[in-house]
Amino acid sequence: MSRVRDFRAGQGGPITNQTSELARLLERRDEMGDTFPRLALFLAECPSAADLQRIAAELPLDFDRLLTAVYAYLPPGDTVAEPVTEPPRPVLRVLRHVRAFGYETTLKAGLQYAVDEDFDFVVVAGRGDKFDPEAVVPLLAAAVFDGAECALGVTQAGELPPPEARLNRRLNRILHTDLADHRAGFRLFAVPLLREIPLQENSDGPELETELFIQCKILRRLPRAVPLPVKRSGRRPLSMRQAWRILAAALGYRLHQLHIHRHGRWIIQHGGKYTFKSSPLGSHRQILDAVPAGARVLDLGCSQGLLAHELAKKGCHVVGVDKLPPEQVRLPYDHYHQMDLDNDIVQLPYGREFDVVILADVIEHLVHRETAMALVRRHLTPEGRLIISTGNVAIWFYRLSLLLGRFEYGPRGILDDTHVRLFTKATFERLVRQTGFEIVERRTTPLPFEIVFQTHAHNLFIRFLDGTYHFLTRLWPGLFAYQFVLEARIARLESSEAQWR
C-alpha cells in the first residue's frame, strides 16, 4: 500500500495562452460549487523530489481552486524538501511505492489511485521533463464542458518521427482506427470508465497504454483528440523492441476476438450486453427475414428490444417479454411485459393468437427450458412458426481452445457467463423436437465479423468474409456455424394445454 502525505510547494507560474479557457473553468467551478467534478492531475513520471518541486512551481495557483489533487509517485527513500515559498499548495500529494517500479507499473497504480479516491476525471501527464501546465487546461475543459470520457492531447509537435509514424499506421490498420497519435503524452480518463477496465490484468510493459486504448474501444468510448497549445509532446522514447511489444498487444487482442488466444484484460462487461448485428447473414437479419409482414409477433426474452424497430417497419404487431424494467427496453412495442421467463409459472394474458414467436438467443439462459417452450405452444397459432436461435459451443475455435486447455466464460458471446446450458447442433435440434415442435427450416450464421473487427457490416472486406465463411457453415454446420437458427411449427399438444386452445 502506498503512503500518502500532503506536499506544499511554492508560487505557481502563469498560464499565458489558455487564460480564457481557464477562466471559463473557474467560473463554472464557482457556479457549481460542491457539485463541480472532482478533477485530478497525475504526474505519471516524476523521478525525484526535485522534479516534483520544479513542476509544482510551474502550476498556476488557480489550479488549487480547480483541482482536487495533483499527485505523483516518488521512489522509496527520496526525501521531499520542506516548502520554502508561500502560499502553500494543499492539492499536491506525494505517493510512494513499497519498492522501486517502472513507468508502466506507476501508471497503473496512479490510475487505480484515481479510482480509489473517487475522483471524477484524471488527467495523466507523461514524462516529467516534458511537462507543460498549458497542456492540462484543454483536457480539463473537455471533461467539464463536453463530458469527454477519454481524450488524447494532440500537441503542436508536428509530424511524428518515422518509426513512430510507422507504428501508428500499423496500429490503426490492426485496430481499424484513425488516431493521429496512439502514444500521446497527455491523456484524460473519466474515473467511472476506469472502474470498468480490469487494470490489474494489464501488462507492466510499454504496451500498457495501447491496452488501455483497446479497452476503451471495447467499451465504445473511443478517445477524442483534443488540440493542445504546446509543442512538447510528453511522449516517451520508443525502442524497436518496445514497438514490437505494442504491435503484439494489438494482434493479441485480435486473436482474443477469434478465441485463438484468450486473456482476461479483454473480457470486459459494458452497458448493453448485446448489439444488433446488421449483417444480412447474421442471426438478427435471418430472424427478421423469416417474419412475414404484418404478423402478430411474441418476442420472448426481447432484451433491450433489438428487433423491435425492424419488426415495426414490417407492420408487425409486437409484444415483448423480458425481465428488464421498461425504461431499459427500446420501444416501439405494442405491449411490453416485465417478467422472468425462467419462472416455471409464467403467465401471459393472451390466447393462441401469435403468428410468430421469437426466442432469439434466450434458451441457453434458462433453467426451465421446457416451461418456456410450453409457453410458446400455448400462444402460437396452429399454423404459426417458432423462430429460435442459439450459439454453437462446438464451433472450431472452442474445440481448439479445449485442446489447448482453455474454456473461459465472459460477459457475452457463446460463453456468456449467464448461460446455464450450451448447445451443439444435435442437442439444440433435439430440445426443439422433444418439446413438441417439428423443425421446418435450418439456418446457420457465420462469425460476427462486424463485431470482431468493430466495423460496419457493409464494409466490402466484411461482406467477403461473411459470404466465404457462410459457405463453410453450410458445408459443415457443426464445426463452422457460429449460431443456429431454427424455424419450427407445433407438432403436438398436450392435454394440459387444451384449456388454452
Please find the pair of heavy atoms, one from [X] and one from [Y], that lie closest to each other, and give the distance.
X: L107; Y: A44; value: CD1-CB, 4.3 Å
X: C216; Y: F189; value: SG-CE2, 4.2 Å
X: P446; Y: H470; value: CD-CD2, 3.7 Å
X: L179; Y: P223; value: CD2-O, 4.3 Å
X: Q242; Y: S239; value: OE1-N, 2.9 Å
X: F42; Y: L111; value: CE2-N, 4.4 Å

Please round to the nearest 0.5 Å and tell me the distance separating atom [atom1] of [X] and atom [atom2] of [Y].
X: T445; Y: Y469; atom1: OG1; atom2: OH; result: 8.5 Å
X: L41; Y: T68; atom1: CG; atom2: OG1; result: 11.5 Å
X: F121; Y: L194; atom1: CZ; atom2: CG; result: 11.0 Å
X: E164; Y: R166; atom1: CD; atom2: CZ; result: 10.5 Å
X: D178; Y: R169; atom1: CG; atom2: CZ; result: 14.5 Å
X: E209; Y: I214; atom1: CD; atom2: CD1; result: 12.5 Å

Do [X] and [Y] sit within salt-bridge range, that is, some charged N less than 4.0 Å from a carboxylate O?
X: E211; Y: K108; result: no
X: R38; Y: E117; result: no
X: D118; Y: R195; result: yes

Is it true that a side-chain atom of [X] and a backbone atom of [Y] form a donor plus acceptor pair closer than 3.5 Å?
X: S279; Y: L281; value: yes
X: H419; Y: I414; value: yes
X: R443; Y: V485; value: no
X: D64; Y: V91; value: no
X: T105; Y: F101; value: no
X: R96; Y: Y73; value: no
X: R29; Y: G33; value: yes

Going by atom types only, do [X] and [Y] share a side-chain donor-acceptor pair under 3.5 Å?
X: D116; Y: Q112; answer: yes
X: Q483; Y: N392; answer: no
X: E104; Y: N202; answer: no

message: Please enumerate all residues that pass ring-ring contact (aromatic ring centres under 6.0 Å, His included) together with F36, with sequence neighbours excluded.
response: none
Do [X] and [Y] come within less than 4.5 Å of each other through their side chains, counting heavy atoms only?
X: R254; Y: H176; answer: yes
X: D62; Y: R65; answer: yes
X: L188; Y: V122; answer: no
X: L139; Y: L228; answer: yes
X: E149; Y: P192; answer: no
X: D181; Y: L152; answer: no
X: F484; Y: S389; answer: no
X: T444; Y: Y482; answer: no

- prompt: What is the ring orientation for H256 with Y253, classed by angle as parallel under 30°, tilted 30 to 60°, or perpendicular over 60°?
  reply: parallel
field: salt bridge (charged side-chain N to carboxylate O under 4.0 Å, His left out) against E27, all qualifying residues, sequence neighbours excluded
entry: none
field: Qualifying residue, where the test is side-chain contact (heavy atoms from CB on, under 4.5 Å) with L167 and the options are M240, R183, H182
entry: R183
- request: Kindly state whether the ring of Y71 and the ring of Y113 have centres lying under 6.0 angstrom apart.
  value: yes
field: F145 atom CZ: more than 12 heavy-atom contacts under 6.0 Å
entry: yes
message: Can you tell me if F464 has over 12 outside heavy atoms packed within less than 6.0 Å of its CZ?
response: no
- request: Just do the side chain to side chain contact (heavy atoms under 4.5 Å, CB included) check on T106 and E45 with the steps written out, would you?
  value: CA-CA 8 Å; T106 298; E45 186 176 67; over 6 Å; no
Salt bridge (Lys or Arg N to Asp or Glu O under 4.0 Å) between R245 and E207, worked out: CA-CA 6 Å; R245 288 186 63 172; E207 61 271 31; 3.1 Å; yes
- request: Evaluate side chain to side chain contact (heavy atoms under 4.5 Å, CB included) for L43 paired with V70, printing each intermediate quantity in order.
  value: CA-CA 7 Å; L43 306 171; V70 178; 4.2 Å; yes
